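Proteins get letters first, then strands, A, B, ... in listed order; numbering begins at 1 in each. Model, not experiment: these values are computed from the prediction.
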Protein chains: 2
Amino acid sequence: MSTSAVRESGSLAELIEADIYSGALAPGMWLKQIDLEQRYKCARLALRHALEQLHSRKVVQHIPNRGYYVPPIDSEHVHNILRARALVEMSVVEELIQNITDESLARLSYLASVFAETVKTGTVLEQDSANHAFHRELLKSCRNSVMVEIIWDLRMRVPLAAQRASNTPAKLERSARDHFEMIEALRTKDADRLRMITERHVSQYHFGSGDR
Amino acid sequence: MSTSAVRESGSLAELIEADIYSGALAPGMWLKQIDLEQRYKCARLALRHALEQLHSRKVVQHIPNRGYYVPPIDSEHVHNILRARALVEMSVVEELIQNITDESLARLSYLASVFAETVKTGTVLEQDSANHAFHRELLKSCRNSVMVEIIWDLRMRVPLAAQRASNTPAKLERSARDHFEMIEALRTKDADRLRMITERHVSQYHFGSGDR
DNA sequence: TTGGCTAATTTTGGCGCCAATTTTTGAACA
DNA sequence: TGTTCAAAAATTGGCGCCAAAATTAGCCAA
């Protein structure tokens, strides 16, 4: 179950970030350099560079002379991130509706059904991957690359485990249906409806009270 | 006119970032390590760490074996950043109106008049500093720290020189008046009006065609 | 057995050295 | 005089070594 050795595609920092997102490196875990060195089969220096990068982007936290660690889940912070995502994604709705093409709508329909299928049969990681594919296609219609960056950054800042903490099969199916509704709203160029679905779609992950 | 020596407050990376923002390190300029070492009176290694951090946050760009450099102004990118800022700042308008207190409104009035005064008599840096003070106070009423981070990040991603490229005294005075109008909209809890002013306030910096 | 103190081990992180690469300089040739 | 190629200088960036700090282990005393 080890993460792959160093593929040349994807820097070390990205590999670590992906493992934090997926939960392979769990929240709160200390990232001992000697362990990561073996896990990723990399040199000590490259590792330290990667950790510094991730630290500057707040993907990992750092205490001098103690080391780096995966940020513990702070449910208030997660709530803020999800709320920010909802607001930002709603902000680009108008542009999506303006720029969407028929070809893109066709691809979205396909990707939505792939996701719906994965919800039934796939693993959590496969579900997430299919979900990303749908939203990546969707965001292709947003010409403002800065907004797209912000949205993906916000997406990656909530580890999968935290997103799925309160996920029931029913919620997942609702997610799948949301995708089809989004496509319908895009087709009819109904901005208000798309905004509403978007808000609901993101906010469904909110959970109630905070442990920690 | 040299930047101060190493103050302990503010990491090296922040010092460099501030100099890039202010234009002391101009767009397109190569950041030779030997020069920065002297400028900031720092060790080589600390400098390299700072540059790596800034690179990972895209504050500087990097070509292996060639070095780091300040990103050239890309007016399309600047346009995207400003548009993103407008959208994101408009997204928090509702929350600002909900949370603003009378004390904060009083402080805003003071800071707005300070800015208005600075527009007449101060340097560009003083104007920018007064402007920041106003917006910092304004954003204190936004409880979502993630949104606040995004807004400040977007602010700092456009160097002052690029912002002020097309700035006339008339535009600056308009900015000063905008601040008072924003206070008025906050007082009357007029979200639509505040959104409108915000969009205008940010978009005024857009310039026409792109050199380079 | 338990609490606290000291020694040993582990881990992080900085510094100097050197190799790889690029840029500049200089000279030979058309 | 302009161009091309080669040698020299300068610059970046990686690696190993070692010191500072922290954690763990061990020991003594209550």
Side-chain angles (χ1 to χ4, degrees), chain A residues 2-20 23-72 212, chain B residues 2-20 23-72 212:
Chain A
S2 78
T3 31
S4 64
V6 206
R7 294 167 304 193
E8 267 317 280
S9 71
S11 70
L12 182 55
E14 286 166 31
L15 283 177
I16 297 174
E17 188 174 11
D19 282 345
I20 289 173
L25 299 174
M29 178 184 276
W30 283 97
L31 300 173
K32 281 177 52 183
Q33 296 182 6
I34 206 165
D35 292 339
L36 298 191
E37 211 171 4
Q38 296 179 65
R39 182 188 237 276
Y40 297 103
K41 304 269 187 293
C42 62
R44 184 63 143 266
L45 194 65
L47 180 64
R48 277 171 54 183
H49 286 178
L51 289 172
E52 273 182 77
Q53 274 181 44
L54 295 174
H55 172 60
S56 77
R57 285 173 36 219
K58 300 188 184 168
V59 177
V60 302
Q61 293 180 343
H62 180 236
I63 298 177
N65 290 321
R66 297 252 342 243
Y68 298 85
Y69 61 98
V70 183
R212 113 139 250 103
Chain B
S2 79
T3 30
S4 64
V6 205
R7 293 166 304 190
E8 266 318 281
S9 71
S11 71
L12 182 54
E14 287 166 30
L15 282 177
I16 298 173
E17 188 174 11
D19 282 345
I20 289 172
L25 299 174
M29 179 184 276
W30 282 97
L31 299 173
K32 281 178 50 184
Q33 297 183 4
I34 207 164
D35 292 339
L36 298 192
E37 210 171 4
Q38 297 180 63
R39 182 185 236 278
Y40 298 102
K41 304 271 188 295
C42 61
R44 184 61 143 267
L45 195 65
L47 181 64
R48 275 171 56 183
H49 287 176
L51 289 171
E52 273 181 77
Q53 276 181 43
L54 295 174
H55 173 59
S56 76
R57 286 172 33 220
K58 300 190 185 168
V59 177
V60 303
Q61 294 182 343
H62 180 236
I63 300 177
N65 291 321
R66 296 257 336 246
Y68 298 86
Y69 60 99
V70 183
R212 110 140 255 105

Name each donor-acceptor pair under 3.5 Å that joins a side chain in residues 23-35 of chain A to protein atoms two or more places apart or in another chain, with its distance.
from, atom 1, to, atom 2, distance (Å)
A/Q33, OE1, A/R44, NE, 2.8

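Considering every non-hydrogen atom in both A/Q61 and A/P72, the closest pair reads OE1-CD, 4.1 Å. Residues A/P71 and A/V59 share a closest heavy-atom pair of CD-O, 3.1 Å. The minimum heavy-atom distance between A/E37 and A/L47, with the atom names listed, is N-CD2, 3.8 Å.
Near DNA chain D, meaning a heavy atom under 4.0 Å away, the residues from residues 54-62 of chain B are B/H62.
Interatomic distance, B/H49 NE2 to B/L54 CG, rounded to the nearest 0.5 Å: 13.0 Å. Here the SG atom belonging to B/C42 is positioned 6.5 Å from the CD1 atom belonging to B/I16, to the nearest 0.5 angstrom.
Comparing B/L31 and A/P64 against DNA chain D, the residue whose closest nucleotide sits nearer the 5' end is B/L31.
Evaluation of the side-chain hydrogen bond (donor to acceptor under 3.5 Å, both in side chains) rule for B/Q53 yields no partner, not counting sequence neighbours. Under the rule for a ring-ring contact (aromatic ring centres under 6.0 Å, His included), the partners of B/H62 that lie at least two apart in sequence or sit in another chain are B/H55, B/Y68. Among residues two or more places apart in sequence or in another chain, the salt bridge (Lys or Arg N to Asp or Glu O under 4.0 Å) test is passed with A/R66 by none. Applying the salt bridge (Lys or Arg N to Asp or Glu O under 4.0 Å) rule to B/E52 yields no partners; only residues at least two apart in sequence or on another chain are considered.
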Close N/O contacts between protein and nucleotides 6-11 of chain D (under 3.5 Å):
from, atom 1, to, atom 2, distance (Å)
D/dT11, OP1, B/K32, NZ, 2.8

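Taking the 5' to 3' direction, DNA chain C first and last meets chain B under 4.0 angstrom from a heavy atom at C/dG14 to C/dT23.
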